[in-house]
Structures are given as structure tokens and as C-alpha cells.
Amino acid sequence: MKKLFLLAALAGLGFVSCKKNHYGSYLKGTYKGTFKRYNEPGAEEANVSINFNSPNWSGTSDIDKYPALAQGRFSSDGEVIRFTNTAAWTADFDWTLILDGTYIERAEGDSLVFTKSYGNGWVDVYKLKKQ
């Protein structure tokens, strides 16, 4: 009987965790902060602004194509945030700088941090605060 109760309780927790916000609707409005690619020699820190209007986003950086923002769609489950960048890009820069793909997300209060790691040691870090 105890095992059945434990199984039911765990199943209930699983059901609750599935109710996370898959569209990132808690992300609304403009977030401003910084972007930096760590473990890359000479990497700068850029000032960025990203506007979330679920399921769409748009953004700017004070350094051209670092990171490469523009606009697209996003979704979030509270642990990862997935970006699809819908802009047309030229071939004259490192396309890994395009905000696209899956990032690890950490939200705390009005702050949002998301990161993406690469196999070569690079780590992209966005540190943003709601405006």
C-alpha cells in the first residue's frame, strides 16, 4: 500500500512539473543587460536588449553581430529556452554568434541568465534584467 501511495505521489509530482510554461509567457517585455563569449581570446562584453512578446522576440546589441540578434520565436520550460532566429544573415561573421538554438535558463526575480556551451570551451552568457 505504501508503494502504491509513493507511486501516486511521484506521478502527481511529474504531472505538476509537466505544467511548466512551455511558451515562456512569464517572459514579457524588455530585458536589458550584457552578452559575453567566455574562453575566447579578446572577447568583448556587449550591451544587449531583448524584447519578449510570446512567442516572438526581437533584440539589439551595441556591437554589430556580437551577438547576432534581430528577431524570431522562442519557447521556454523554465529550465531551457529555445530560440529560432528568423533573420537573413550574411556569411561575413561567425554564425555561432546568432541567437538560435537551446540555452540553459535561470530566472530569478526580474533577472534572467541564459547560457550555451560549445565543445571547444566557449560559453555564451546573456545576463539580463527586466526593464
query: Can you name the side chain to side chain donor-acceptor pair (under 3.5 Å) partners of Asn47, sequence neighbours left out?
result: Asp62

Gln131 side-chain N/O to Lys129 backbone N/O, donor-acceptor pair under 3.5 Å: yes

- prompt: Once you round to the nearest 0.5 Å, how far does CG of Asp110 lie from CG of Leu128?
  reply: 11.0 Å

- prompt: Are any of the side-chain nitrogens in Asp124 or Lys116 under 4.0 Å away from the carboxylate oxygens of its partner?
  reply: no

Side-chain (Ser61) to main-chain (Val48) donor-acceptor, under 3.5 angstrom: no

query: So how far is it from Glu45 CD to Tyr38 OH, rounded to the nearest 0.5 Å?
result: 5.5 Å

- prompt: Using a side-chain heavy atom cutoff under 4.5 Å and only I, L, V, M, F, W and Y, what cluster partners does Trp122 have?
  reply: Tyr118

List, one per line, each side-chain donor-acceptor pair under 3.5 Å for residues 93-100, sequence neighbours excluded.
unit_1	atom_1	unit_2	atom_2	d
Asp94	OD1	Thr96	N	2.9
Asp94	OD1	Thr96	OG1	2.7
Asp94	OD2	Arg37	NH1	3.3
Asp94	OD2	Thr96	OG1	3.0
Trp95	NE1	Thr90	O	2.7
Thr96	OG1	Arg37	NH1	3.0
Thr96	OG1	Arg37	NH2	3.0
Asp100	OD1	Asn85	N	2.7

query: Among all residues two or more places apart in sequence or in another chain, which pass the side-chain contact (heavy atoms from CB on, under 4.5 Å) test with Ser58?
result: Asn51, Gln71

- request: Mind checking side-chain contact (heavy atoms from CB on, under 4.5 Å) for Val80 and listing every partner two or more places apart, or none if nothing turns up?
  value: Asp77, Arg82, Thr102

task: Among Val113, Thr115, Leu112, find the residue that satisfies the side-chain contact (heavy atoms from CB on, under 4.5 Å) test when tested with Lys127.
output: Val113

- prompt: Judged by atom type as modelled, is there a donor-acceptor pair below 3.5 Å linking the side chain of Lys130 to the main-chain atoms of Lys28?
  reply: yes

- prompt: Among the clusters formed by ILVMFWY side chains lying less than 4.5 Å apart, do Trp89 and Ile63 turn up in the same one?
  reply: no

query: For the atom pair CD (Glu44) and OG1 (Thr34), what is the distance rounded to the nearest 0.5 Å?
result: 13.0 Å

task: Please lay out, stage by stage, how Thr30 and Ser49 fare under the test side-chain contact (heavy atoms from CB on, under 4.5 Å).
output: CA-CA 7 Å; Thr30 301; Ser49 177; 3.4 Å; yes

- prompt: Can you list the residues that meet the ring pair (Phe, Tyr, Trp, His ring centres under 6.0 Å) rule with Phe83, with sequence neighbours excluded?
  reply: Trp57, Tyr103, Phe114

Whether over 12 other heavy atoms sit under 6.0 Å from Lys32 NZ: no

task: Report the distance from atom OG of Ser75 to atom CD1 of Ile81, rounding to the nearest 0.5 Å.
output: 8.0 Å

